[in-house]
Amino acid sequence: MGEKKDVWQGTLALMVLKTLESMGELHGYGIARRIEQTSGDLLSLNYGTLYPALLKLEQEGAIVSEWGLSENNRKAKFYKLTRVGRKQIERETDNWEQTTAILARFLRGTEDPA
């Protein structure tokens with residue numbers, strides 16, 4: 001198995017939002033584990049980056065949080081997607097699809113826009 005990669009800048013928020021969209025309400029550790037699992041354990045998630053990203057998403061209104069108990073009966077903050085977050089997923093997904101399409105043109109080495 002290869003070396004784990006760091007999460008690309010600008011992708012973490014979208015990964016968090018997509019995780020909450022597919023899994024529903026989760027605590028931070030659950031979000032981190034799911035992102036790593038979804039990547040096939042190829043991504044290395046820095047927890048020092050995850051929690052500031054969660055805070056930023058909450059301040060933007062994309063997610064809301066509530067304290068509760070985790071599976072092992074520990075106090076944990078659970079995060080849930082909002083309507084604003086769902087719209088943000090659409091916008092960011094469109095942006096990433098456009099960006100990857102542009103990059104694919106360069107990787108193919110062709111100037112053909114098709």
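Position 1 is the first residue of the sequence, and the numbers go up from there. Note: hydrogens, waters and symmetry copies are ignored here, and every other heavy atom, side chains too, is used.
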*Say you draw a straight line from CE of Met23 to CD1 of Ile35; how long is it, rounded to the nearest 0.5 Å?*
11.5 Å
*With sequence neighbours left out, write down each residue that passes salt bridge (charged side-chain N to carboxylate O under 4.0 Å, His left out) with Glu58, or none if nothing qualifies.*
none
*According to a 4.5 Å side-chain heavy-atom criterion applied to Ile, Leu, Val, Met, Phe, Trp and Tyr, with indirect links allowed, do Val64 and Leu26 form part of one hydrophobic cluster?*
no
*Pairing residues for Ser70 by the side chain to side chain donor-acceptor pair (under 3.5 Å) criterion, not counting sequence neighbours*: Asn72
*Which pairs with one or both residues in residues 87-99 pass salt bridge (Lys or Arg N to Asp or Glu O under 4.0 Å), sequence neighbours excluded?*
none
_salt bridge (charged side-chain N to carboxylate O under 4.0 Å, His left out) involving Lys80 - partner list, sequence neighbours excluded_ = none
*Following the transitive rule for hydrophobic clusters with a side-chain heavy-atom cut-off under 4.5 Å over Ile, Leu, Val, Met, Phe, Trp and Tyr, establish whether Leu54 and Phe78 coincide in one cluster.*
no
*Give the minimum heavy-atom separation between Gly28 and Leu50, together with the two atoms involved.*
O-CD2, 3.4 Å
*Only pairs at least two apart or in different chains count here, so list each salt bridge (Lys or Arg N to Asp or Glu O under 4.0 Å) that has a residue in residues 63-77.*
none
*Provide the full list of salt bridge (Lys or Arg N to Asp or Glu O under 4.0 Å) pairs with a residue in residues 11-21, sequence neighbours left out, each pair given once.*
Lys18-Glu21
*Are Leu81 and Val84 linked, directly or through other ILVMFWY residues, by side chains that come within less than 4.5 angstrom of each other?*
no
*Does Glu25 have any salt bridge (charged side-chain N to carboxylate O under 4.0 Å, His left out) partners at least two apart in sequence or in another chain, and if so, which?*
none
*List the steps, then state whether side-chain contact (heavy atoms from CB on, under 4.5 Å) holds for Leu43 with Met15.*
CA-CA 11 Å; Leu43 289 178; Met15 288 185 214; 3.9 Å; yes
*Sequence neighbours excluded, which residues qualify as side chain to side chain contact (heavy atoms under 4.5 Å, CB included) partners of Glu36?*
Arg33, Asp41, Leu45, Tyr47
*asked:* Holding to side chain to side chain contact (heavy atoms under 4.5 Å, CB included), I want the full list of residues that pass it with Leu103, two or more places apart in sequence or in another chain.
replied: Leu107
*Should Leu20 and Leu55 be counted in the same cluster of Ile, Leu, Val, Met, Phe, Trp and Tyr side chains packed under 4.5 Å apart?*
no
*Step by step, work out the side-chain contact (heavy atoms from CB on, under 4.5 Å) result for Leu57 and Val16.*
CA-CA 9 Å; Leu57 286 168; Val16 167; 3.7 Å; yes
*Following the transitive rule for hydrophobic clusters with a side-chain heavy-atom cut-off under 4.5 Å over Ile, Leu, Val, Met, Phe, Trp and Tyr, establish whether Tyr29 and Leu17 coincide in one cluster.*
yes
*Check side chain to side chain contact (heavy atoms under 4.5 Å, CB included) between Thr49 and all other residues, then give those that pass, not counting sequence neighbours.*
Leu12, Asn46
*asked:* Test of understanding: with salt bridge (charged side-chain N to carboxylate O under 4.0 Å, His left out), list the residues that count as partners of Arg86, not counting sequence neighbours.
replied: none
_Any side-chain to backbone donor/acceptor pair from Thr82 onto Ala62? Under 3.5 Å, distance only._
yes
